[in-house]
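Have a look at the structure below before the remarks.
Hydrogens, waters and symmetry mates play no part in the numbers below; they use all other heavy atoms, side chains included. Below, chains carry the letters A, B, ... as their sequence lines are ordered, and counting in each starts from 1. Small disclaimer: the values here were computed from a predicted structure and weren't measured.
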Number of protein chains: 2
Amino acid sequence: MRSAAHQDFLSGARGGKAESILSAAKRCFLAAGFGAVSMDAIAREAGVSKATVYAHFISKEELFGAVVARESERHFFAFSALELDPRDAAASLETLAGRFLDLVLSPEVIAVNRIVIGEATRFPVLGEVFWQAGPARVRAQIEAFLRRAAAAGSLRIADPRIAAEQFAALARGEIHLRHLLRLDPALDTAATAEAARCAAATFLRAFAP
Amino acid sequence: MRSAAHQDFLSGARGGKAESILSAAKRCFLAAGFGAVSMDAIAREAGVSKATVYAHFISKEELFGAVVARESERHFFAFSALELDPRDAAASLETLAGRFLDLVLSPEVIAVNRIVIGEATRFPVLGEVFWQAGPARVRAQIEAFLRRAAAAGSLRIADPRIAAEQFAALARGEIHLRHLLRLDPALDTAATAEAARCAAATFLRAFAP
DNA sequence: GTCTATACAGTGATAGAC
DNA sequence: GTCTATCACTGTATAGAC
């Protein structure tokens, strides 16, 4: 039995009130940002009193940090390029770009990304948390695949790290920024697939052997 | 106090105090965001009373919108690729990428970009205002240059619009997101120039004749 | 238009009963 | 741990004097 319930948020398996509070806070913060959400609203959404919220989290800032850290970890840990065939660069790159776009354009990832950028001034550490959990991890996965493809001779890559950054940048394209700005509210799967195809094709032309 | 009256085409303000208020609001909002800034703080920064602020702007929201709209227009107005030589694609693309990065990584543009993303939920229209003034305008300039280069035979481009998006995406790379997240607080001109060189080189390999 | 002073609502956080 | 009730404070916005 632990004395501080708020340290359990990373275990993920709890079904108690702490989990309800975290879940409610996630919905509120991701929908409206930090400043526009009150602790009253979070307590109401969780179905508990405000004092209960403060029994689990020291302050609004701590609760916000817990939400952002958990959401950052949760969405990116499954991203992988391990099973892609490094000999068929064209097909694998398009699959990888599509997988990347489906992830970073998903509503929850966009919401976390937006909030972390918007509150980067007030919560400098959350930018680093998000970066390590998300972009840095994804880039490492892409880089590992590019190394395998280069070893297999299906791509010619001088600097795999920079190439991985450029692949991610091409895949993001302008659609990522448009989603961050809320200009494309509906996620268009056809447009996403087409964007992935274009990005993979251009990357392939630049790094073909 | 300045005797020269600035004509403000966005808010209709004419006098010196309106300009002081807008300028003070810009400094406050860009430094700390919308929610973390109070009208008291803006009035203090402008050297006027709070009632004077409300004499010129109906609400905090309207003042915020005026600041964002003006800053969005102001920074991107001068961006151009008109004088670049379309026959020397390698040199022109690197110059263009460097010019692009210098602009979008400048502290004020990053601050506006960050705040527009962060408040996209509460102020949906500001995302569109920023997009039209910034990314859409820049993309059009890049696209126009690519068309001239294609006509000159120094590049082979099937779809200039998509190519322009991809050029901007490559130039942004990951450094743009890192700046939005406040991970690279100091603007490193050497790193920026190197990033521009890499982006231009990769784009050139993909679109060389 | 500009100021001082203030109305009024809402905020984060806490005390004490159970 | 959880609740109700309440604190002290700050926020936006406005009234009235000049």
Check your understanding: Are A/R178 and A/E174 ion-paired here, with the side-chain N under 4.0 Å from a carboxylate O?
Key -> no
Point to revise | Nucleotide nearest B/A55 (side chain, heavy atoms from C-beta), chosen from C/dC3, C/dG12, C/dT2 | key: C/dT2
Point to revise | B/E61 bridged to B/R122 by N-O distance under 4.0 Å | key: no
**Study point:** B/R44 CZ - C/dT4 P separation (whole Å)
**Key:** 13 Å
Review point. Taking the side chain of B/K50 as heavy atoms from C-beta outward, which of D/dT12, C/dG1, C/dG12 is closest to it?
Key: D/dT12
Exercise for review: Mind checking A/S49 for me? I need base, sugar-phosphate or nothing, with any heavy atom below 4.0 Å counting as a touch.
Suggested key: base
Exercise for review: Send over the distance from A/K60 NZ to C/dT11 P, rounded to a whole Å.
Suggested key: 8 Å
Point to revise | Touch class at under 4.0 angstrom, heavy-atom based, for B/V37 against every strand present | key: sugar-phosphate
Review point. If only side-chain N and O atoms of A/T52 are considered, is one of them under 4.0 Å from the OP1 or OP2 phosphate oxygen of D/dC3?
Key: yes
Point to revise | Lys/Arg-Asp/Glu bridge criterion (N-O < 4.0 Å) met for B/E19, B/R70 | key: yes
Point to revise | Gap between atoms CZ and C1', on B/F57 and D/dT14 respectively (whole Å) | key: 18 Å
Point to revise | Rounded distance in Å - CD (B/E61) to P (D/dG11) | key: 15 Å
Revision key, fill the gap. In terms of heavy-atom contacts, A/L204 and A/A89 come closest through CD1-CB, 4.0 Å
Exercise for review: Could you tell me whether the phosphate oxygens of C/dA13, OP1 or OP2, come under 4.0 Å of any side-chain nitrogen or oxygen in A/Y54?
Suggested key: yes
Check your understanding: Which nucleotide in the set D/dA13, C/dT4, C/dT11 lies at the smallest distance from any side-chain heavy atom of A/D40?
Key -> C/dT11
Exercise for review: Decide yes or no, distance alone: a donor-acceptor N/O pair under 3.5 angstrom between the base of C/dG1 and the side-chain of B/K17.
Suggested key: no
